[in-house]
Amino acid sequence: MSDVELRVERFHDLTLPSGLELEVVDQAYRLDGRPDPDGGNVVLVFHSLTGGPEPRDWWPDLVRPGGVLDPARWALLTPNLLGSCYGTWAQGAGSVEEAPAPPEEGIPAGLKGGLGPVFRPAGLQGMEVSVRDMVALTALLLDRLNLPGVRLATGGSLGGMAALEWAASFPDRARAAVVFAAPAAHTAQAIGFSRIQKALLRLGAPVEGLELAREAAMLTYRTASEFERRFGRERREDGVFQMESYLARQGRKLGERFDPESYRILTNAMDGHDVGAGRGGVAPALARFSGRLTGVGIPGDLLYATEDVRRWTDAVDAQYREILSDRGHDAFILEEDQAGQILMEALAD
């Protein structure tokens, strides 16, 4: 992780597009690079479900000197999405919880020691947050930073949904948008996968439930061919299958760094994602976006098939690109060379 400062902007008395009323919101974000006054060099990056506001963590070869997203050339603005546990805090209207004091030097208490969970969503407990809410809060952040727009909005999975929602909600505030591995609306199969994960959250103790949910999710993020190539039927010395060991390790790692209630809130937001809802459908929703719009599919993605991406790119005559890999849904993170080429193409226009 880089030493780019985590900053916070505080907002009061918000009513978000879903109708969610919040008395206080601390919107955490990172700004890596120096933005031009008109935002012409700003790349707005939305993180995925369990990611944080630091693109250097998942695209280290792209966000570096000489990389496609070199902070010396591009200013990377990455908000921590509402509901996530890496700095953003909210208090719902009517909550008895007292808002914390504004953070000193822009760094929330508890975060100075590293990227540990600092958001315990007591103010949002049991509430529902939409992707549209997350994007609306991001627009308020840009207003606060005096940025009229951005050069590019991008992200993958949940971040891709947010980038697509950005294009629909604020069609004049980005010159381009690249949407990695995300549908225009959450599919029935994806909702089914989410249900299993949320059931595991409820059935297990908070951390153990989160670990099991992560194990189930990993089966949708990668492919059968990759698992067979990496693990096959190999066992450890104690007789445990290497595949079982891999899943258990992935579960433990997330349990150590993420918040179960945040996982529930964000997963529900993904289930509710529908960019065409209330807008007459996908095509009318995205028709006003005047920038370059690119959807990126991944053949073999079990979570969001290429057809799910092609459906909305064809509907609005957007650009369609593919990342070729046997690593499934996570290829938008793992295949940095291919992701970088697509981003470079969008930034070149």
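Just so it is clear, the structure is predicted and the values come from calculations on it, not from any experiment.
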Next item on the list: Could you check if a side-chain atom of Ser84 sits within less than 4.5 angstrom of a side-chain atom of Leu266, using non-hydrogen atoms only?
Entry: yes
Check: Counting distance only, does the side-chain N/O of Asn41 pair as donor-acceptor with the main-chain N or O of Asp36 below 3.5 Å?
Finding: yes
Check: How far does OG1 of Thr154 sit from CG of Leu347, to the nearest 0.5 angstrom?
Finding: 9.0 Å
Note to self: Quick check on Arg233: does its CZ atom have over 12 non-hydrogen neighbours (other residues, nucleotides or ligands) under 6.0 Å away?
What the structure shows: no
Item checked: Test salt bridge (charged side-chain N to carboxylate O under 4.0 Å, His left out) applied to Glu256 and Arg214, step by step -> CA-CA 12 Å; Glu256 291 169 355; Arg214 180 64 162 189; over 6 Å; no
Notebook entry, point to check: So, Arg288 side chain and Ala167 main chain: donor-acceptor pair closer than 3.5 Å or not?
Noted result: no
Notebook entry, point to check: Do you know the tightest heavy-atom contact between Ala168 and Leu286?
Noted result: CB-CD2, 3.9 Å
Item checked: Check: Glu165 side chain, Ala136 main-chain N or O, donor-acceptor pair, under 3.5 Å -> no
Next item on the list: Test the Arg222-Phe227 pair against the cation-pi criterion, namely NZ or CZ under 6.0 angstrom from the six-membered ring centroid and within 45° of the ring axis.
Entry: no
Notebook entry, point to check: Taking the side chain from Asp133 and the backbone from Ser130, do they hold a donor-acceptor pair closer than 3.5 Å?
Noted result: yes
Check: Say you draw a straight line from CE of Met127 to CD of Glu21; how long is it, rounded to the nearest 0.5 Å?
Finding: 9.0 Å
Next item on the list: Over all heavy atoms of both residues, which pair between Gly40 and Arg175 is shortest? Give the atoms and the distance, please.
Entry: O-NH1, 4.4 Å
Margin query: If we ignore hydrogens and angles and just use 3.5 Å, is the side chain of Gln91 paired with the main-chain N or O of Leu22 as donor and acceptor?
Written below: no
Notebook entry, point to check: Salt bridge or not for Asp32 and Arg30, using N-O below 4.0 Å?
Noted result: no
Check: What is the distance from atom CG of Leu164 to atom CG of Leu293, rounded to the nearest 0.5 Å?
Finding: 6.5 Å
Margin query: Going by the rule ring-ring contact (aromatic ring centres under 6.0 Å, His included), which residues pair with His47 if we only count those two or more places apart in sequence or in a different chain?
Written below: none
Next item on the list: Can you label the angle between the His329 ring and the Tyr304 ring as parallel, tilted or perpendicular, going by 30° and 60°?
Entry: perpendicular
Checklist line | side chain to side chain donor-acceptor pair (under 3.5 Å) contacts in which one or both residues fall within residues 134-145, not counting sequence neighbours | finding: Glu9-Arg144, Asp143-Arg173
Check: About how many Å separate OG of Ser245 and CG of Asp238, when rounded to the nearest 0.5 Å?
Finding: 8.0 Å
Check: Is there a side-chain contact between Val275 and Trp312 (heavy atoms, below 4.5 Å)?
Finding: no
Checklist line | Rounded distance [0.5 Å steps], CZ in Arg252 versus CZ in Arg249 | finding: 7.5 Å
Checklist line | Where Gln338 and Glu322 come nearest, the two heavy atoms and their spacing | finding: OE1-O, 4.1 Å
Notebook entry, point to check: Do Glu261 and Arg264 meet the salt-bridge criterion of a basic N to acidic O distance under 4.0 Å?
Noted result: yes
Checklist line | Side-chain touch Phe231/Phe241, heavy atoms, less than 4.5 angstrom | finding: no
Notebook entry, point to check: Do the non-hydrogen side-chain atoms of Pro79 and Leu44 ever get within less than 4.5 Å of each other?
Noted result: yes
Notebook entry, point to check: With Pro55, which of Val43, Thr78, Leu77, Val4 fulfils side-chain contact (heavy atoms from CB on, under 4.5 Å)?
Noted result: Thr78
Note to self: I want to check something: taking the side chain as every heavy atom from C-beta on, are Arg279 and Ser169 in contact at a cut-off of under 4.5 Å?
What the structure shows: yes
Notebook entry, point to check: Among side-chain atoms of Asp271 and Ser194, is any donor-acceptor pair under 3.5 angstrom?
Noted result: yes
Item checked: Minimum heavy-atom distance Leu82-Ala90, with the two atoms named -> CD1-CB, 4.0 Å
Notebook entry, point to check: Taking all atoms of both residues into account, what is the closest heavy-atom pair of Leu14 and Phe11, and its distance?
Noted result: CD1-CB, 3.8 Å
Item checked: Side chains of Pro60 and Glu336 in contact at under 4.5 Å (non-hydrogen atoms) -> yes
Margin query: I'd like to know if the side chain of Asn268 and the backbone of Glu128 have a donor-acceptor N/O pair within less than 3.5 Å.
Written below: no
Checklist line | Minimal non-hydrogen separation, Ala176 against Ala346, with atom names | finding: CB-O, 4.2 Å
Notebook entry, point to check: According to the interplanar angle, ranging from 0 to 90°, do the rings of Trp166 and Phe46 count as parallel (below 30°), tilted (30 to 60°) or perpendicular (above 60°)?
Noted result: tilted
Margin query: Are the side chains of Asp314 and Arg311 in contact, using a 4.5 Å heavy-atom criterion?
Written below: no
Check: Should we say atom CZ of Arg230 is surrounded by more than 12 heavy atoms from elsewhere, each under 6.0 Å from it?
Finding: yes
Next item on the list: May I ask you to decide whether Arg292 forms a salt bridge with Glu345, counting only side-chain N to carboxylate O separations under 4.0 Å?
Entry: yes
Item checked: Arg321 and Thr313: side chain donor to acceptor below 3.5 Å -> no
Notebook entry, point to check: Once you round to the nearest 0.5 Å, how far does CG of Asp337 lie from CG of Asp61?
Noted result: 7.0 Å
Next item on the list: State, yes or no, whether a side-chain contact exists between Trp89 and Val8 at a heavy-atom distance under 4.5 Å.
Entry: no
